[in-house]
Every structure is written in structure tokens, then in C-alpha cells.
**Q** 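My structure is below; once you've seen it, I'll send some questions.
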Amino acid sequence: MKEILNFTVNGDPVSVAVEPNRMLLDVLREQLELTGAKEGCGMGECGACTVIVNGRNVNSCIMPALEAEGAEIVTVEGLLGEDGRLSTLQQAFIDKGGVQCGFCTPGMVLSAKALLDENPNPTEDEVRRGLAGNICRCTGYTQIVDAVLTAAKKGQEG
Amino acid sequence: MRELDYVGKPLPKTDAREKVTGRAVYMNELKKPGMLYGKIKYSDQVHARIVHIDTSAAERLPGVKAVLTGENVPEVRIGFMKDNTPLKKGKVRQYRDEVAAVAAIDPDIAAEAIELIKVEYEPLPAVFDPIEAMREGAPLVHETDPKGAPLTSNKLKLPWKLVCGDVDQGRSEAKHVVEDQFKVTWVSHCCLGVSGCLAEFDLDNNLTMHSITQIPFLAQNDFNAALAAMGLKGKNTRIINTVIGGGFGSKLDTHVYEFIAILLAFKTKRPVKMMFNREEEFLAQAPRQPAIVDIAQGCDEEGRLTFRDIKMVLDNGAYTSWGATTPSVMMVPISSLYRVPNVRYKATCVYTNNVYSQAMRGYGNPQATFAIESMTDMLAEAAGIDPLDFRLINSNRPGEITPQRFKITTCGLRDCLESVADKLDWRYKKKYKQKSRGVGLGSLIHVGGGARVYKSDGHGIIMKIDDFGKVTVITGAVEIGQGSETVLAQVTAEILGVPPEDVSIVKGDTSICPWDVGSHASRQAFVSGNAAIGAGNKLKSQIFELAGPMLETDPADLDMKDRLVFVKSAPEKNMPLEKVLRKAHFSSQGKVLAAEHFYDPPNEMLDREFKGNLSCSYAYGTTGVEVEVDEETGQVEILRYIAAHDVGRALNPMLLKGQIYGAAVMGTGYALTEQLVLKNGRIVNGNFLDYKILTALDKVPVEPIIVEPDDEAGPYGAKGVGEPGCVPSAPAIANAIYDAVGVRIKDLPITPEKVLRAIKEKRGEM
Amino acid sequence: MNNYIYLRPATLEEALELLERHGADAVPVAGGTDVFVKAKRRKVAPKVIVSLRRLGDLRYIRAEEGRVLVGGLTTLRDLEQSGIVADRLPALADATRNMASVQIRNVATMSGNIANAAPSADTAPPLLVSGAEVRLISKRGERTVPMVDFYAGSGKTVLERGELIREFVIPVGRSPYSQAYWKHSRRKAMDLAMVSVAVHLELEDDMETCRLIRIAHGVAAPTPIRTPEAEAQLVGKKIDAETLKDLGETSCGETLCRDSLRGQAWYRQEIIKVMVRRMALLALERARAKTGQR
């Protein structure tokens, strides 16, 4: 039987009816049409579904939707500024070649955001640790790591 | 090299913005009104007769709109040898065999319906080892050929044999000869975007296939053939690509699930979407071709190669996709990596009850190069020559014609070898060797200017320019993440003298876009770049014809740059491009400013002996690695990874490096961690936990070196680079491990267990 | 995946009540990173899920005299980022830092890691070598079980129906001491231990004689285990190359390694021999470094 679920996503309050066995990813993609989060494996093993829940990055494919009750959720769609401008981090992914096929990108960007929110000036090793749960088959990670370090530097400069 | 305005610049990918904002629409996001969800029932037997399939419970389930089996669909033969069908009839030959399929109103109902289908099997003896499969009396995977003629052997009738010079003579001239066996196994593409398609028929029974194919026009051909087999001869397929979540060769064939979606859509008269999950992706997306390689190689006193003799057995699996044709590309390094006058190569493909294989980045080249380049070090050691010197002695040179009749134009191999050695401090490291540390090299040759593996190696472009100077390029190229679209925009901008932001690319629709053979063979930037130059020149001529009278100049004395048309001999005489363009429309008897160009490179189809100039330019490269081996655990740490690539010219250094970084990590995975494990035909590690793609924390410290000999065949001098990076990784790493601890691992992946066992065996401890 | 009733109690009492009421049908779930994966793979089909995520009161890491208390709903990420854990329970810090991914560690709990009874549970060997106790609670009351008695065989624990892990009570070593943990895996992240080794070492004041050592392994037997013979063997001895080599050999002799998809028995044994030595050495170095600081 469906239950009513209330939470905020990218600052907007939402209310949806969900079956208890639905994961947050299903609700975001199918009911809220926030399709930036991807299903790469459905088992928490690739990170393509990463979203930020109450400040922490999680695999939305194995997070029961009902656990989002009252939560503040940020998806990749929420990173755009009000003027439609990309975040520093998104721009760095573009400028440094951190995007190829792009399927891992939204999750990767959100893991990077969660990392930088917590640790604004990470070392390369800390970036690699922070992104280790996001599998990328195209880039070999080098340019992604470079993008995150560049964004961190830009963030430090204000 | 001439400095250019846009080519050679590290411009960001044209599609990066939509991807980084989550707006890109992949197959996963695609929906159509009235759409049904398809799902496939796979065999749970590896080799068995199908006695009976009971679909009645599935058919009764509310929401199910169609249930198909091999018994109630028209026979559609698919695959390179036409030995496969979408739904199996009579028997199953591998675990992934598709025995039934459903279409339902939602994915949960489809999944439930699949569970309700009951299949009764009668198990048959199976064969999993290709050597055993060749023996007399081995269970036959196929009792008949596609036309019904009886078969008596599991060996495929494929002609893979290359003979150049006289190998026996070469062997007798050799002072040093080494022989050994190498094995490479299945690895999976693991595109982050799983496979899927959406098939829909219009009211006239024409098919629109929303697809992630890398080969839209060949897929159109395959699907049209399927339509004919379904009684729809003369009907057409329109392929429309969504954004594609990775390719690496996995979308170079048309796949069983696509044909099933077509059958379901035709049956239900509704759009049918078929979307894999990761489990299905591992199960039913064919991996890289495995091989058993017997190789002998010899050199004379001075270290010059005198012969190379290779025999291979390829486990073909139960059906035939492109994996069985990888010997055609394996021949490239076998005949032409280094100067070797006498070459013999024979490959036998054998049916087994394992999974079948397909194309994957490098198309056989990484497999063959692992054996050849491991063997190069072994031969160098036998001859007492440093592995670097040995490679320099035998390095290919510009202007040579190789035994397979490849005409080498530019050749950066020597530069690659020397620059890698220099950066790696090779001489010093060899002289003052540190315990447990070692350095290793691996080189490569690959086609760099397309490859004529099909009747045409061509690429069509339509280029039009509007009243405001905005350019539209309509291309048959498929962007799979590699960035060919961006490079195409750069080349177009360069040739037309407009900024790249004025260029937009229209792609991914066979009804709109001109023909292209596909995104394969590292050819896309090369062919579409050359096509854009051709179209751009034609378009410029049209513009200059208009501008000539306006500027009172001979059109031949005009050029364009920075959105201006100007007189070459007097650049101060100029006119805004827009003004000229509007003239085309705002005059009586106006004209459309558009040009088409079909570029088909001067590549030769290999002849019956598999000889000919397959590509008009060849890409070279050398990878040098330094490793540290933990002699107590067998674990290998890559300390340095230097990848030099002869790319002709870098069209976009940032995207080029992206290809090198990505390929290096994929190649390192191939070398060290990746393996699709099959137990009696069943994949037992089909998930991202047990199939070990490297993570960001498993750092491969790749240092690219770009070698630019500027090849005249290429667009602004470029060669292809998409595949080469993953070709020499495994032998370079294997050679470095040997240098570090004196053990040679001859089968991939080089796991710590294998390394430790070899170390212990060497010490007599095991 | 099957459907189920999903309950989200706000208090421990409520949770225990619900578990009691739904009996055998109820599956208590903390982070869910294991249960939902198994459910999606159709390996389990829970009927009633009792989510524990709202029990914020059970999420804490507290330092007390001679021990650290970790609440049953504490996440792996909490442990990884805790100064208390880094300082007093270095093996647990080593273990949590290298588990799965940040995303998983942000929701997965130590309770879940232990209660799953997987032989590869990374937090089990550190808890074993620390001599931890597990405080369990159910509607029927509370009890305390030493970690060494927590596993009841392959895939089994002593947890009874309706019972939850309320808290871990983890004694801190007697200084000078330290610990180390090694997870042997093919990748550096997103991987399970092929085999693992935890060492807790306490030294005499001479800083070279072993006063006490505890050694534990994951994936070396059907459950995480201690190797008491090896532990007894080193006590009172000077820690040097010779005694450490023997230590690894003896410890290895007490294991029951098996061949599996993820690793071969002989290789697991080799790693144990090597890593017991290296982890003991690392613990020794850490203990000395820490004493040097003070």
C-alpha cells in the first residue's frame, strides 16, 4: 500500500505517494522526473545514482524512499544557480575534460560536492578517496580529479 | 606545423554542459505514450534440448500484452555467421540463451511474467574448453549450419591465415628463437550506461528504433533484413540515437535484445522498451574475445627479427559476433609491429558452450600485442640485448611497406620509444636496478586512418550555413563519449573561419544524417574531420561565388576568417559573412548555402591473402611503466605509467589526453584485475563488486606524451587514437614485473596470486 | 523485489515492540546497504522491515575511562571521522576508512556489518582484538555478549529474534599499546576483504617486549576468528623478525582458509603469515610513536 512521503528536493517541498519497496532513486526519476541521477547497477556498487541527503552523499538506488521523509535532498538538477549558471564544480568538470560518456557524471559531481562541502581544500588522495565509490569507465579519473582540485582552488579564491 | 585558430586547442566537449547538468537524455530516460516494457527469459541450462515451454500463466497475468518464444515468431537469422536467432528454438547452447520474452504495461509485471514462464529442458553434454571442443567426439554446439547442412565439427569455417615471406627460412636464419604460450580471457566493456532500446512501428509498419548503436547505418541494414524475414520486405528502419553511456565496441553489432524488442513491438503494435539492468548487462552483453596464443619469434645476431610465427585458438562461444573476426585486426601487430620479414599466422575459432564475444576497444589488438610484446622482451633477453635497444633496432620507419603490404607513411614509433625511455629514466633504472622494482615497455601499431573492413569506409557530411553565419553540420558520426563531435566542430570552425560556438552538430538519425560506417577502428575524428574539410571547402566556394561580385574580386582571391569574408591580397577589403549569406536568400533566384561531402579514405580492402593497405595511416605508441612488486604478497603497484602516442596531430589535446588516460586505466584493468569468471559456462562474477574495474583510489599515474609527426592523410594531420591507449598496457606491465622480480606471467589478468606463486616456484618454495 | 511493510519507529522501545509483534516476519534494518541489495537480488524476501534509522539516540561515540562506547546506530562514516576512534582504536579506524565507499559508509552501521555475520566484515577483527562486548536489547531484556562469542557459526550470530545491538563496549588497551588492521583486497576501494588481519599489541615499558597481543582474522574461517595460540606464543617475548615470523606462521595454522571465487586458500594463508607480521610491526611502531609524543 502506498504511503505519503514528504521531503524537500533542491529546496522545493514535494509530496509523493510511494510503495514501501521503492528506492529513493525510483521516486526521483519516475515520479519527480529528476533523471539526472542514473541507475548504473542498482546495488550501490557504482555510484551513478548518488544524491546528497542532509548533506551526505548516498546511493539513492539502495536508499528506501520512505527514509527520505523530512530530508533535504540535493540532486544534480539543484546545482544550477538561480540565474541558470553552472556551479564552479560543474564548470570545472567541463573545462578540465572530466566528462566523456557522461553517465557517471551527475553522481560524480555530487560526490565531489559532498567532499568539498566537508573538506574545501582536499589533497589528491582525499579527492580519490572521496570519489572511490563512483565508477567511471571512460576517463581513467585523472581529469575528474583535476576538475575537483581545480574547483576547490577556485572555491578557496571565492 | 602551422598554428591554427581552433584545431589543436583544448576546447571542452560540446555535450559536457548537458551531461554535467543531468539534462542529457540517455536510453534510460526515453518514454513514449503507450509504451510497453519488454523482458527476456534466459536459459538456466548451458546446453539442453528445449522440451516444452509453458507460457500460459504468463499470458494470463493481467498487464501482459505479448509472450513470445522461438515457436511463435518468424525465423530471423542474426550475427556475423547468421548462426543465432533472437529466440531459441529446439535447443539452448549457453546460459544467456534467450528462450522467451514478454511485453507488459510496467516493468514489474514484465518481470513477474518472466518468472511464470516454465521451460522444460533435457540436458545435453556440454563443452567449455576450445581445445577439447576441437577433438573428435566432442559435443556439437551446432549440429547444422544456418542453412541446415549438417556440421561435424565445432571449428568455424573462417579463413584466418596470413603468410608473409618464408617463416621456415626465417627460423633457420635466426640466431635466437623463443617460443611460448600466452592466454587472454574474457573481459567486459562495463559501460556505465546499460544497454537498451525502444522499438516502435508506424501505421505503415516502418520501424523506428531508438538505439544506442555505434553503427546506425549497418544496424539499419540488419534491422531491415529482420523486417524482411518478418514478412515486411521493403519496409524501412529509422535509427535514432539517444545519448550513449559508453561504447568501447559493445554497440558495434546489433544485439539479440534489439531484435526481440522489434518482434515484441510488431506483435503488440505498441512501442516496446527493452532496458537491461546491470545483471543482464553482464549476462547478455558479449565480452572481449579470449585467445590461446602460441608464438615463436626469432632474431639474428644483431637482434633483427627474422620471423614471427603465431597460432591461435579462439573460444568462439555458442554463437558468432565480431569476436570471431578479431583475427583480422590481430594481424596488424602480428605482421607489422616492428620490422619482421617472415610472418605466419593462423587462427582457429571454435564453438563452445561458453558466452560468445564481440568487439572491444582495440578489436583483438590488445590480445595479440600482449603475446607479441611479452615475447619481444623474452627474445631480447635471449639475444642479450636491452629491451629498449631491441625495439629501436626493429622499429618501423616512415616510408616502409610491411609484409602485410601496409604502406607506412609517418611513423612516430622511434620517437615514442625514445621519449618514454627518457621520461622513465630507462637507462639509469636498468643500470642501477632496485630490489622489487622494475621497468617495462610495450609498443603498438593500430590503424590510424580508418580501416576498410566493410565495402565502404566512408563518412558523409552535410554542412549548411544560415543567414546569421551559424553553421549546421549534419553527420553520420556517433558520439559515444569520445568527443568526436567536438573535434568535428573544431575542424568545421577552422575550415570556415567561424568560432566553434557558431557550429552546431546534428546527428544520430538515419533519416536525416548521411551515411557513415560507424564509430569503430578509432576512425571517427579522422573520417568526419576529413569529410568536414571537404564539405567546408565546397561551402566556402559557394560563399565566395556570392561574395566575389559584392567585393568586386575574383572569388578565387577570397578567404574567410573571424566571421569576415576578405580579399586575400588585400585583407582590408572585407565584408561581414552574415551580409554575404543573406544575399543568397534575398536575391531573386537565390540559393541554399549547403554542401555535402562523402569522404572515403584511400584504404584497401584486404585481399584473399589478407594483404593490402588497410588504412591510409597507422598510429603508433609506446607505454613504459615502472612497478614495485611486493614479493611477499605478489601485489603490483604501478609507480609510473608513461604513454607516448603518435597521433599525427592533436586536434584537441584535452580530449586526446582523456582518451589516453581512460584507455590506460582500462588497459591496466585488463592487465591486473579484470576477468569475467566462467564456471562451466556460467558467469559467476557478473556484478561491479566481483568484476573489478579500477576505482579512483586505484590510481594509475598516467603521463601522456603526444608525438605529432603531422600525417598528410589526416584532417590537419591527425590520426586515430581512441583504441591505441589500451593496447600495450598489459605487456608493458608484464615486462616490468619480470624486470622487477624475474617472473613472467603469461596469462591475464596478472593477479597477485599468479605473481606470488611464480615467485615461490622460482625460489623452489612451491 | 518483493513488497513489504515498512515501519519506522521513533524510539528504541517502539522498535523493540514492533520487532516483538511481527516476530519471525520482522527484519530490523539500520543502513540497509546489505539487506536491500539482497532483496533486490531476490536472495531474501522480507515481509516487515523495521527501520532503525530514526533512533538517533543510539548514534554516538563516547570516550570513558578505559573504554569507548559506540551506539548501535553509529555509521561507519562516524567511526571513520571520529578523533576518539583514531586515537584509541586505530584498528577500527583503519578498517572503517577502507570499507566500500563514502556513500555506503554514510549510511551503513557497524551493527549491520557485524549482524550480517559475513566472514569478511571489516569491523569484526578490530572489535575482536579490542576485546569488545556487544550489548543486546530486546523486549525481553538486555544482555552483554563478548565479541568472541557473538558469532554462532557460518552466517549466524547469537542475536535472537527481536533483539538489537544497542551498544558496543570497546575496552581501550593499556598503554603503551596500539593496533593495526589490514584488509587484503584486489582494489583499494569498493571491495570486500579477501582476507583480513587485525592486531592489538600492548608492550612492556621497555617498548620491545610483548605484554599482550590479540590477533583476529576475517575470511580465514566460517566466521571472523581470534588465533589464541599465536597470541600466547608472543607474550613475554621480544618483538623481532624471528618472533614475528613465528607469530604469522602460528596464527595461520589456526585458520581454516578455503578456496572461493574471491581468493584461494593457499594465498589467504600466505597473506595471513605476512600481514600478521606486518600489522604487529605497524602496531609496534604506532605504539612507540605515540609514547614518543607523550
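Here is how names work: the chains are called A, B, and so on, in the same order as the sequence lines, proteins then strands, and each is numbered from 1.
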**Q** Using a 4.5 angstrom heavy-atom cutoff, name the option from B/L694, B/T668, B/T21 with the most pairs to chain A.
**A**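 Counting heavy-atom pairs under 4.5 Å, the top option is B/T21.
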**Q** Is it the backbone or the side chain of B/L192 that comes under 4.5 Å from a heavy atom of chain A, or both, or neither?
**A**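 Interface part for B/L192: both.
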**Q** Measure across A/V76 and B/G22 and return the closest heavy-atom pair with its distance rounded to 0.1 Å.
**A** CG1-CA, 3.8 Å
**Q** Looking at A/D95, A/I94, A/N134, which makes the most heavy-atom pairs under 4.5 Å with chain B?
**A**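 Heavy-atom pair counts peak at A/I94.
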**Q** Counting only heavy atoms closer than 4.5 Å, note whether A/L79 contacts chain B via side chain, backbone, both or neither.
**A** neither
**Q** Please name the pair of heavy atoms, one in A/R128 and one in B/A696, separated by the smallest distance, quoted to 0.1 Å.
**A** NH1-O, 2.7 Å
**Q** Heavy-atom distance under 4.5 Å to chain A: side chain of B/D690, backbone, both or neither?
**A**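 Interface part for B/D690: neither.
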**Q** Under a 4.5 Å heavy-atom cut-off, does chain A meet the side chain of B/Q659, its backbone, both or neither?
**A**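 For B/Q659, heavy atoms of backbone and side chain both lie under 4.5 Å from chain A.
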**Q** List the steps, then state whether side-chain contact (heavy atoms from CB on, under 4.5 Å) holds for B/V20 with A/V109.
**A** CA-CA 8 Å; B/V20 84; A/V109 169; 3.8 Å; yes
**Q** Rounded to the nearest 0.5 Å, what's the gap from SG on A/C138 to CE on B/M666? Could you check?
**A** 7.5 Å
**Q** Is the number of heavy atoms from other residues, nucleotides or ligands within 6.0 Å of CZ (B/R17) greater than 12?
**A**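 Check fails, neighbour count at 12 or below.
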**Q** Need one label for A/F103: side chain, backbone, both or neither, based on atoms under 4.5 Å from any heavy atom in chain B.
**A**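 Looking at A/F103, backbone and side chain both touch chain B.
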**Q** Sort B/F276 into side chain, backbone, both or neither according to what part of it lies under 4.5 angstrom from a heavy atom of chain A.
**A** neither
**Q** What part of B/F282 gets closer than 4.5 Å to chain A, counting heavy atoms only: side chain, backbone, both or neither?
**A** neither
**Q** Would you say that more than 12 heavy atoms from the other residues, nucleotides or ligands in this model lie under 6.0 Å from the CZ of B/R23, or not?
**A** no
**Q** Count the heavy atoms of every other residue, nucleotide or ligand shown that sit under 6.0 Å from CD of A/E72, and state whether that count exceeds 12.
**A** no
**Q** Checking A/T35 against chain B: side chain, backbone, both or neither under 4.5 Å from a heavy atom?
**A**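 Both backbone and side chain.
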**Q** For B/G658, is there any backbone N or O sitting under 3.5 Å from a side-chain donor or acceptor partner on A/Q100?
**A** yes
**Q** Are there over 12 heavy-atom neighbours, none belonging to B/K273, within less than 6.0 Å of that residue's NZ?
**A**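 Yes, NZ of B/K273 has more than 12 neighbouring heavy atoms, counting only those of other groups under 6.0 Å.
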**Q** With a 4.5 Å cut-off on heavy-atom pairs, point out which of B/A664, B/G483, B/G245 contacts chain A the most.
**A** B/G245
**Q** Indicate yes or no: does A/R137 engage B/E674 in a salt bridge with an N to O separation below 4.0 Å.
**A** yes
**Q** Does the side-chain contact (heavy atoms from CB on, under 4.5 Å) test come out yes or no for A/E45 and B/N687, once each step is laid out?
**A** CA-CA 8 Å; A/E45 292 166 358; B/N687 58 69; 3.8 Å; yes
**Q** Looking at A/G40, A/C101, A/G44, A/C136, which has the largest count of heavy-atom pairs under 4.5 Å with chain B?
**A** A/C101
**Q** How long is the gap from CE on A/M108 to NZ on B/K19, to the nearest 0.5 Å?
**A** 13.5 Å
**Q** Chain B: which of A/R129, A/E39, A/M43 shares the most heavy-atom pairs with it under 4.5 Å?
**A** A/R129
**Q** What residue in B/L11, B/V25, B/V665, B/L697 has the most heavy-atom pairs under 4.5 Å with chain A?
**A**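 Highest number of pairs under 4.5 Å: B/L697.
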**Q** Please rank A/G133, A/A37, A/G36, A/C41 by heavy-atom pairs under 4.5 Å with chain B and give me the top one.
**A** A/C41
**Q** Assess whether a salt bridge exists between B/E29 and A/R29, defined as any Lys/Arg side-chain N lying under 4.0 Å from an Asp/Glu carboxylate O.
**A**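 Result for this pair is yes, salt bridge flagged.
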**Q** Apply side-chain contact (heavy atoms from CB on, under 4.5 Å) to A/T142 and B/K657, showing your working.
**A** CA-CA 10 Å; A/T142 306; B/K657 283 179 191 163; over 6 Å; no
**Q** Take atom CD in B/E703; do more than 12 heavy atoms of anything else shown fall under 6.0 Å from it?
**A**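 Atom CD in B/E703 is crowded, with more than 12 foreign heavy atoms closer than 6.0 Å.
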**Q** Relative to chain B, which of A/A48, A/G97, A/G102, A/C46 shows the most heavy atom pairs under 4.5 Å?
**A** A/G102
**Q** At a heavy-atom separation under 4.5 Å, does A/I135 approach chain B through its side chain, its backbone, both, or neither?
**A** both
**Q** Check this for me: does any side-chain nitrogen of one of A/E124 and B/K699 sit under 4.0 Å from a carboxylate oxygen of the other?
**A**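 Answer for the salt bridge query: yes.
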